[in-house]
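Keep in mind that the numbers below use all heavy atoms, side chains included, and drop hydrogens, waters and symmetry copies. Here is the naming used below: chain letters follow the sequence lines, and residue numbers restart at 1 for every chain. The shown structure was predicted, so the numbers you read here are calculated from the model rather than taken from an experiment.
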2 protein chains.
Amino acid sequence: MIKKKQQLNPYISVDCVIFGFDSDRLKVLLIEREDHSLNTESTLALPGDLINNEENLNESANRVLKELTGLKNIYLKQIGAFGDLNRISKKDDKAWLQTVRTNPEARVITIAYYSLVKISDSNPKASSFATSAKWYNVEEIKALAFDHYDILRAALSQLRNEIIHQPVGFNLMPKMFTLGQLQKMYEAILNKKLDKRNFRRKILKLNILDATQEKETGVSHKPAQYFVFNKKNYNSLADTGFNNFGF
Amino acid sequence: MIKKKQQLNPYISVDCVIFGFDSDRLKVLLIEREDHSLNTESTLALPGDLINNEENLNESANRVLKELTGLKNIYLKQIGAFGDLNRISKKDDKAWLQTVRTNPEARVITIAYYSLVKISDSNPKASSFATSAKWYNVEEIKALAFDHYDILRAALSQLRNEIIHQPVGFNLMPKMFTLGQLQKMYEAILNKKLDKRNFRRKILKLNILDATQEKETGVSHKPAQYFVFNKKNYNSLADTGFNNFGF
DNA sequence: GCAAAAGTGTTAACTGTACACCCATGA
DNA sequence: TCATGGGTGTACAGTTAACACTTTTGC
């Protein structure tokens, strides 16, 4: 491992839209910034920070992600660059930048990434300028700091597109899961009900799920079989994608 | 129109992948830089330049596009940000930057856009540091300056994905065109042969083409009917996209 | 026994794909 | 008359979408 002198680039940041799934709803990891007597909504922001000049963009995103969730080697994908002039137009945002940046007036372009993590494996902890890092229901978010709400919507749109073309959703699931839980994840992401029989048939035909011998316990209904996900078949499928998965 | 003082941002550029179609092959607009006794391949680059601090990113892309092709109000879509440290690693590229940039050692992140233009309507002209701006066959490009080859491949990949989900290809076609010409465009973009009868059936079912009364003249075969493209139906389709257009 | 989610097949409509011949024109 | 690309229909296979009942468990 080579250590390099790291220098913040004051003009370019990365922001991460970190999705999780709690077996019921789609979640996103947000931080609270120090309060400047604002309402809660505008204190919430995507985790993100300035990049270092000696790291690649995806390394920056991975670093920020690791600093904020303790996770590494996570599915991580670029959404795009956001650099409109009015992205730093809210009074509260400007005031906040004064307190944390050495060059608060600089025009900052942000490169947004999204990632999918297992909530159970993650251990979000607040970083320097964040007073908390917590999971929020995506559907309940109506406003965020800067242009982060736009970024969140773009990430969601890209995730919805990706989930029906690539088997990426497993990054959100625990190691063992039932088909019902998996279906709930698709429903939460796509925000619509799916037919149980059709869902099971389609997802099993992809050949990326292996049935285990284990079953749910302690549930007051017929216990469901647990499945694990077959990494080998997943990888070959992830390369090509699948055409016919239009829910 | 409000005039603002424009100031170059030395850390962020836009690069444009401008696709055209010459009724046979997919083309891309490239510039030649001043020669530093290099081979031709590495003198070729995507048109692009530093952004101004007082314009939005897509305004920057539109400005560069207009400066280089004379076109405005063009289909233009962001591909993403490219900022790997080794994007400025070639000796020739470093030497060239010394001659055109006031801060040639700066780490520059580029935001890439792609656009689709009618070659017949465009009037590419070389800008300040370009000695030429010409159309090249996409399939013949094997190397470009900086990381521009990567950007070109990413643009092509995105275009291929988009062309089967959105009726965007008409941006490449002249006002009137035959179905044969349209099919050739799809074949050029997707780089594969399509079945004529199936293509015609599918594309007509989209309801975005209006037949005209005019026919080809001066061709030594049965003259083809000209079609124009129905903007109204196109727009409503462009919003929703289409699911089933998998060639 | 009842509430709750698991698990299971069939049918009809639609979509994709493969495939071959005649037509109108210029040379 | 020949070479060239335009224009047309059908049949088979695969996929989507809609739909209802029985099973197993905890309480």
Separation of atom CZ in A:Phe199 from atom P in C:dT8, rounded to whole Å: 14 Å
Salt bridge (charged side-chain N to carboxylate O under 4.0 Å, His left out) pairs, two or more places apart, involving residues 205-214 of chain B: none
Value in whole Å for how far the P atom of D:dT16 lies from CZ of A:Arg200: 18 Å
Atom-pair distance (CD on B:Glu216; P on D:dT4), nearest Å: 16 Å
Under 4.0 Å protein heavy-atom contacts per nucleotide of nucleotides 19-27 of chain D, with B for base, S for backbone only and - for none: BB--BBBS-
For atom NZ of A:Lys202 and atom C1' of C:dT8, their distance in whole Å: 18 Å
With sequence neighbours excluded, residues passing salt bridge (Lys or Arg N to Asp or Glu O under 4.0 Å) with A:Glu59: none
For residues 112-125 of chain B, please give each side-chain donor-acceptor pair under 3.5 Å, one per line with the distance, not counting sequence neighbours.
{"residue": "B:Lys118", "atom": "NZ", "partner": "B:Phe170", "partner atom": "O", "Å": "3.3"}
{"residue": "B:Lys118", "atom": "NZ", "partner": "B:Met173", "partner atom": "O", "Å": "2.9"}
{"residue": "B:Ser122", "atom": "OG", "partner": "B:Ile119", "partner atom": "O", "Å": "3.1"}

Spacing between A:Lys205 atom NZ and C:dT8 atom P, to the nearest angstrom: 17 Å
For B:Asp22, all residues meeting salt bridge (Lys or Arg N to Asp or Glu O under 4.0 Å), sequence neighbours excluded: B:Lys27
Integer-rounded Å distance: D:dG5 P and B:Leu182 CG: 17 Å
Residues that B:Lys232 engages under salt bridge (Lys or Arg N to Asp or Glu O under 4.0 Å), provided they are two or more places apart: none
Nearest-angstrom distance from the residue atom NZ of A:Lys193 to C1' of D:dA18: 17 Å
d(CD1, A:Ile164; P, D:dT15) in whole Å: 17 Å
Centroid-centroid under 6.0 Å between B:Tyr234 and B:Phe229 rings: yes
